[in-house]
Visitor: 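Below is a structure I'd like to ask you about.
Only heavy atoms go into these numbers, but all of them, side chains included; no hydrogens, no water, no symmetry mates. Naming: A, B, ... by sequence-line order, numbering from 1 per chain.
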2 protein chains.
Amino acid sequence: MNLKQLSDILGLSQTTVSRALNGYPEVSEKTRIKVQTAAKAHGYAPNTKAKSLATGRSMAIGHVIPLSQNHEMVNPVFSDFIAGAGEIYSENGYDMLLSVVKDVDESQSYRNFASKRSVDGVIVHGPRANDPRVKLLLDLGLPFVVHGRMPNDTDGYSWVDMNNKSSFERATGLLLDLGHRNIALLNGVEVMDFAIRRRAGYEAALIARGVTPNPAHITAGDMTEHYGYQNALEMLRSATPPTAFLTSSYLIAIGVRRAISEMGLTMGRDVSVVTHDDDLSYLRNGGNIPLFTASRSSVRDAGKRCAEVLINHIKTGDKTPHQELWEAELMLGESTCTAPT
Amino acid sequence: MNLKQLSDILGLSQTTVSRALNGYPEVSEKTRIKVQTAAKAHGYAPNTKAKSLATGRSMAIGHVIPLSQNHEMVNPVFSDFIAGAGEIYSENGYDMLLSVVKDVDESQSYRNFASKRSVDGVIVHGPRANDPRVKLLLDLGLPFVVHGRMPNDTDGYSWVDMNNKSSFERATGLLLDLGHRNIALLNGVEVMDFAIRRRAGYEAALIARGVTPNPAHITAGDMTEHYGYQNALEMLRSATPPTAFLTSSYLIAIGVRRAISEMGLTMGRDVSVVTHDDDLSYLRNGGNIPLFTASRSSVRDAGKRCAEVLINHIKTGDKTPHQELWEAELMLGESTCTAPT
DNA sequence: CGATTCTTTCAAAGCGCTTTGGATGCACAG
DNA sequence: CTGTGCATCCAAAGCGCTTTGAAAGAATCG
């Protein structure tokens, strides 16, 4: 069933039917109703391709998911972000186009989006140091919003980010207040902007209290349970074990907990843990009192907001950068206690 | 840059340029080279919409992600599946279209895919008991492949599934061999096909050895860490605590481990745990010896295979159902031991 | 009642591509 | 030299929609 067939059935021109369905005022209410009911009855829906060819808007947003060759990890945060963004897309009639590519081909993916005209805009995930994507997209003239931001270059484009620095500064501050002086940081890979800023916050808090960061207690890596376990175990076995851990993800924190209990210690009594919590739907920091003390910021909400900002750029054509910095909440859980004396 | 402009530059007709780029034989090698280099030089890529309007194929595969209103969980398995499927799509020139919708609108999403002609086929995720989607898609005539299969209706459509029943039968058998008679099952929601089959496998193994399944030791629910923790804790505190746990996901198993250690017990010594492991990239059952004894089957590989099967259906137009049943491997880890006597 | 305006409808062009059904030129055989 | 076959290339139609510019019909007004 296409427009022509439908209009033939109705005895109307394609113009009128199209206008009736798209809510244009040049059509009488009576015929509009007639057209709409006929469309529903015959299960008519305009062909997306034809529509976007005619309008020049593709009504789709692109996301590029890089698959790194070496460490084959998919970002666990991704599914919740997508869920948030996708909800907004659906509400606004946009499709979501995912492009899964080897990370070396990432730039090409964005170029393709632009030259093939397959999307009206893109979301940029996981900005890194020296990330070429922002410049590329500005050159291509493709509307975009970054989830996060660039380490050294935060102007001239739209982003939605949480305040990684202040959030880790506060988390570190909390541990310092509890008397900890030997605080380990299990961070993400420190080419990622969020990891760079978190470390900066952590170090700033320590230095502000006259504590010198201990390189042996700072690690960076893929944020898995095993990473948390492995590194925490090594540190706990060392001559000067940390009394508290600050971790960049919930999964790392779970690994740290395993290491703690394997050492015969108890989390929240012998050793403290504070983690960042992306509030992922399948990794809820649940219970009446949260398991972990955590700085929390919902990735799903970030997805929603990024989508809204991008759609607004596309709809209005307004290119002036829109930037939002969210403060994470610091939630007290069962994993923190005063430092052993 | 579009076809017309490119062909004007080249002094050739659009026909010839199109044919040169699409590898048709009616064009001389000399001009083909000329066209190809010019296309690359000017960064020409055919407009997707125009192309698929002309060809009738949209070169996109649809995935519907339902967001349930009540329990707002996004399937953690999803991102790895997508990564696998997306890799195959990219290699074959297909786009991936994601539709995130409230679960009540799920059917409508598939209808839209069909009537709007936005995709050439779809992947069906997480088949359930009485799932209307298979019938709907058959009626719509839209090519599809199910990841998993229907509980009572496994014929007449394509699917790629792992043998949930045999895998849980074997896992249960392993625990029985180790002397356990009090084996708990922490399953997923038992409207999901995989959960139904896993329970069947578990019960079959018990009954085959003359052990009566204990309803108090069987639970079903959202597969989170907290769910595993909560239920394992309750069972361990009961009068007749299980000596072994069988869990449907890695996250549940992590929760069970927490409950075990909170009871002052040690996993793999006092209490055994066997889990199913989807081999998710961010939840690796890592280490030299895996932490958990597990039945393992890669969701990412399943994504790849589903994509291949679907693309084959689309390309060849062959509608004969293709069905694959994979056996999971049973990996011995550190979480199992003989039953306490 | 005729002129004017507004409302409602339509025919046709155009979006950028593919593809059908010719054309054109050339080599070769008769 | 003419006809045949083949290799190249092209003009134009068509995919299903939107949208411009115009026309027809209804309503308003002096």
Visitor: If only side-chain N and O atoms count, and only distance matters, is there a donor-acceptor pair under 3.5 Å linking B:Ser99 with B:His63?
Guide: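 No, B:Ser99 and B:His63 have no side-chain donor paired with an acceptor closer than 3.5 Å.
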Visitor: Can you confirm whether more than 12 heavy atoms, excluding those of B:Asp139, are under 6.0 Å from its CG atom?
Guide: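 Yes, enclosed.
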Visitor: For A:Lys51 and D:dG16, what is the distance between atoms NZ and P respectively, to the nearest whole Å?
Guide: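 Value for this atom pair: 16 Å.
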Visitor: Rounded to whole angstroms, how far apart are CZ on A:Arg19 and P on D:dA22?
Guide: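 Those two atoms, CZ and P, are 14 Å apart.
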Visitor: C:dT9, D:dG16, C:dG16: which one has an atom nearest the side-chain heavy atoms of A:Asn2?
Guide: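 For A:Asn2, the side-chain atoms sit closest to D:dG16.
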Visitor: With sugar-phosphate meaning primed atoms plus P, OP1 and OP2, does A:Thr15 contact a base, only sugar-phosphate, or nothing at under 4.0 Å between heavy atoms?
Guide: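 Base contact.
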Visitor: Please classify the nucleic acid contact of B:Thr31 as base, sugar-phosphate, or nothing, using heavy-atom distances under 4.0 Å.
Guide: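 If one applies the 4.0 Å heavy-atom cut-off, B:Thr31 turns out to touch the sugar-phosphate alone, with no base involved.
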Visitor: Can you figure out which of D:dT18, C:dG16, C:dC10 approaches the side chain of B:Asn47 most closely?
Guide: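 Selected nucleotide: C:dG16.
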Visitor: Can you tell me if B:Ser158 uses its side chain to pair, donor with acceptor, with the backbone of B:Pro321 under 3.5 Å?
Guide: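 Checked: no pair found.
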Visitor: D:dC10, C:dC15, D:dT18: which one has an atom nearest the side-chain heavy atoms of A:Leu53?
Guide: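 Of D:dC10, C:dC15, D:dT18, C:dC15 is nearest to the side chain of A:Leu53.
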Visitor: D:dC17 C1' sits how many Å from B:Arg117 CZ, rounded?
Guide: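 These atoms are roughly 14 Å apart.
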Visitor: B:Lys4 NZ to C:dC17 P: how many Å, rounded?
Guide: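 Checked: the NZ to P distance equals 11 Å.
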Visitor: For B:Ser18, answer base if it contacts any base atom (sugar-phosphate contacts may also be present), sugar-phosphate if it contacts only those atoms, and nothing otherwise; contact means non-hydrogen atoms under 4.0 Å.
Guide: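 B:Ser18: base contact, heavy atoms under 4.0 Å.
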Visitor: Mapping B:Pro46 and B:Glu26 to their closest nucleotides on DNA chain C, which lands nearer the 5' end?
Guide: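 Residue closer to the 5' terminus by nearest nucleotide: B:Pro46.
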Visitor: Among D:dC10, D:dC17, C:dC17, find the nucleotide with the atom closest to the side chain of A:Gln14.
Guide: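 Nearest to the side-chain atoms of A:Gln14, counting from C-beta on, is D:dC17.
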Visitor: Could you work out which one of D:dT19, C:dT18, D:dC9 sits closest to the side chain of B:Leu3?
Guide: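 Closest nucleotide to the B:Leu3 side chain: C:dT18.
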Visitor: Knowing that exactly one of B:Asn22, B:Thr15, B:Thr16 qualifies, which makes a side chain to side chain contact (heavy atoms under 4.5 Å, CB included) with B:Ser18?
Guide: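 Output: one option passes, namely B:Asn22.
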Visitor: From the list C:dT9, D:dC10, D:dG16, which nucleotide is the closest neighbour of the side chain of A:Ala54?
Guide: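 Closest nucleotide to the A:Ala54 side chain: D:dG16.
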Visitor: What pair of heavy atoms forms the shortest contact from B:Arg117 to A:Lys49, and how long is it?
Guide: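 Taking B:Arg117 first and A:Lys49 second, the nearest heavy atoms are O-CE, 4.0 Å.
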Visitor: Atom NZ of A:Lys49 to atom P of D:dT18: distance rounded to whole Å?
Guide: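 Spelled out: NZ on A:Lys49 to P on D:dT18 is 15 Å.
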